[in-house]
Amino acid sequence: MLLITVQLFAQENEPGVIERSGMRALLFNVNEFNLTSFNGGIGLKEWTSNRAVSFGMIRGSFSKTKKDKTENLSGSEGTQISGGFKLGREIHFMLGNDLSPYFSFALGFDYEKTKNKIESYRRFDYFYVSTSSEEVQTEAFSIALEVSLGMEYFITDKISIGGQYNLAALYKGGEEKIKTYYEDKRDFSEFKIGLTSSSFILSFYF
């Protein structure tokens with residue numbers, strides 16, 4: 001009985017490790033004290049154990065603009081559709097209960113389609129009118145692989161702030177169609193690799 005009492009007393013006074021497995025958070029970026037969406041979308045993460053975190057981001061947007069033409073000014077119409085997602089994994093090395101260095105890897109995919117049309121109208125005299133139009137349509141996709149080193153600091157049990165350095169490789173490819181007096185198309189591609197740093201990442205746990 002005395003032995004059990006001593007063990008319980010020791011456990012109560014020993015600083016315990018906070019259990020983070022199962023915790024989920026909504027992610028935001030902080031730029032110049034402004035709260036913004038996480039990488040342009042909705043970001044979530046979940047601690048699957050006390051050392052491992054799965055995270056993801058999804059985004060999408062649609063826009064359309066139109067300007068009517070006049071006898072002196074050209075008219076234009078444009079649409080843009082874009083969307084993408086990112087999935088990744090973080091491995092943490094806890095330094096106490098508040099500070100957590102980590103490394104992570106992530107894979108992202110993005111898609112974008114734009115269409116811009118310009119129509120012009122010009123009257124030279126009462127009988128002669130000139131009209132012309134040009135339409136450019138672009139469709140592209142990109143794949144990115146990202147490896148990061150970062151740090152997360154828990155301000156409270158439910159709020160943390162962090163930042164990271166990213167080594168990212170990006171491939172982008174697509175097709176461009178042009179319609180004027182003729183119609184033609186061409187393929188394009190781009191490859192980039194480089195080191196970047198993220199803005200502050202603010203996490204609200206729930």
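If you're wondering where the values come from, they're calculated on a predicted model, not measured in any experiment.
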Task: More than 12 heavy atoms from other groups under 6.0 Å of CD1 on I161 - done: yes

- [ ] Drop me the distance from F55's CZ to I201's CD1, to the nearest 0.5 angstrom.
- [x] 8.5 Å

TODO: Please report the C-alpha distance between T180 and E134 in whole Å, then the side-chain angles of each, then the deciding distance to 0.1 Å, and finally whether the side chain to side chain donor-acceptor pair (under 3.5 Å) criterion is met.
DONE: CA-CA 5 Å; T180 53; E134 180 182 81; 5.6 Å; no

Open item on the list: Closer than 4.0 angstrom, basic N to acidic O: yes or no for K179 and D184?
Closed with: no

- [ ] Rounded to the nearest 0.5 Å, what's the gap from OG on S61 to CD1 on I81? Could you check?
- [x] 9.0 Å

Task: For the student: nearest non-hydrogen atoms of I91 and A52, plus distance - done: CD1-CB, 4.3 Å

Open item on the list: Please tell me whether F200 and L202 are part of a single hydrophobic cluster in this structure, the criterion being side-chain heavy atoms less than 4.5 Å apart.
Closed with: yes

Determine all donor-acceptor pairs shorter than 3.5 Å in which one atom belongs to a side chain in residues 141-149; sequence neighbours excluded.
from : atom 1 : to   : atom 2 : distance (Å)
E146 : OE2    : K86  : NZ     : 3.4
S148 : OG     : N166 : OD1    : 2.7

Task: Nearest-0.5 Å distance that lies between atom NZ in K185 and atom CD in Q137 - done: 11.0 Å

- [ ] Using modelled atom types only, decide if a donor and an acceptor are shared between the side chain of N50 and the backbone of E19 within a distance under 3.5 Å.
- [x] no

Task: Salt bridge present between K45 and E152 (N-O < 4.0 angstrom) - done: yes

Open item on the list: Run the salt bridge (Lys or Arg N to Asp or Glu O under 4.0 Å) test against E112 and tell me which residues pass, sequence neighbours left out.
Closed with: none

- [ ] Would you name the heavy atoms of L27 and S203 that are closest together and state the gap between them?
- [x] CD2-OG, 3.2 Å

- [ ] Could you tell me the separation between the CD atom of E119 and the OG atom of S76, rounded to the nearest 0.5 Å?
- [x] 9.5 Å

Open item on the list: Just verifying a value: how many Å separate F38 CZ and N29 CG, rounded to the nearest 0.5 Å?
Closed with: 6.0 Å

- [ ] Please indicate whether F188 has more than 12 foreign heavy atoms, meaning atoms of other residues, nucleotides or ligands, lying under 6.0 Å from its CZ.
- [x] yes

TODO: Among Ile, Leu, Val, Met, Phe, Trp and Tyr joined by side-chain contacts under 4.5 Å, find the other residues sharing a cluster with W47 and list them by chain and number.
DONE: M23, V53, M94, F154, Y205

Side-chain donor-acceptor contacts of residues 98-106 below 3.5 Å, not counting sequence neighbours, with atom names and distances?
from : atom 1 : to   : atom 2 : distance (Å)
S100 : OG     : H92  : ND1    : 2.5
Y102 : OH     : Q164 : OE1    : 2.6

- [ ] Quick one: list whatever passes ring pair (Phe, Tyr, Trp, His ring centres under 6.0 Å) with F28, sequence neighbours left out.
- [x] F204

Task: Interatomic distance, F93 atom CZ to L95 atom CG [nearest 0.5 angstrom] - done: 10.0 Å

Residues 168-176 side chain polar contacts: donor-acceptor under 3.5 Å, at least two apart:
from : atom 1 : to   : atom 2 : distance (Å)
E176 : OE1    : R186 : NE     : 2.6
E176 : OE1    : R186 : NH2    : 2.8

Task: E135 side chain to N116 side chain, donor-acceptor N/O pair below 3.5 angstrom - done: no

Open item on the list: Please find the pair of heavy atoms, one from L26 and one from F206, that lie closest to each other, and give the distance.
Closed with: N-CE2, 3.9 Å

- [ ] Using a strict cut-off of less than 4.0 Å between a Lys/Arg side-chain nitrogen and an Asp/Glu carboxylate oxygen, indicate whether R24 and E46 qualify as a salt bridge.
- [x] yes

TODO: Report the C-alpha distance between R89 and T48 in whole Å, list the side-chain angles of each, state the deciding distance to 0.1 Å, and finish with yes or no for side chain to side chain donor-acceptor pair (under 3.5 Å).
DONE: CA-CA 10 Å; R89 189 84 166 160; T48 56; 3.1 Å; yes

- [ ] Show the numbers, then the answer: is there a side-chain contact (heavy atoms from CB on, under 4.5 Å) between E77 and K64?
- [x] CA-CA 8 Å; E77 183 176 335; K64 183 174 182 178; 3.7 Å; yes

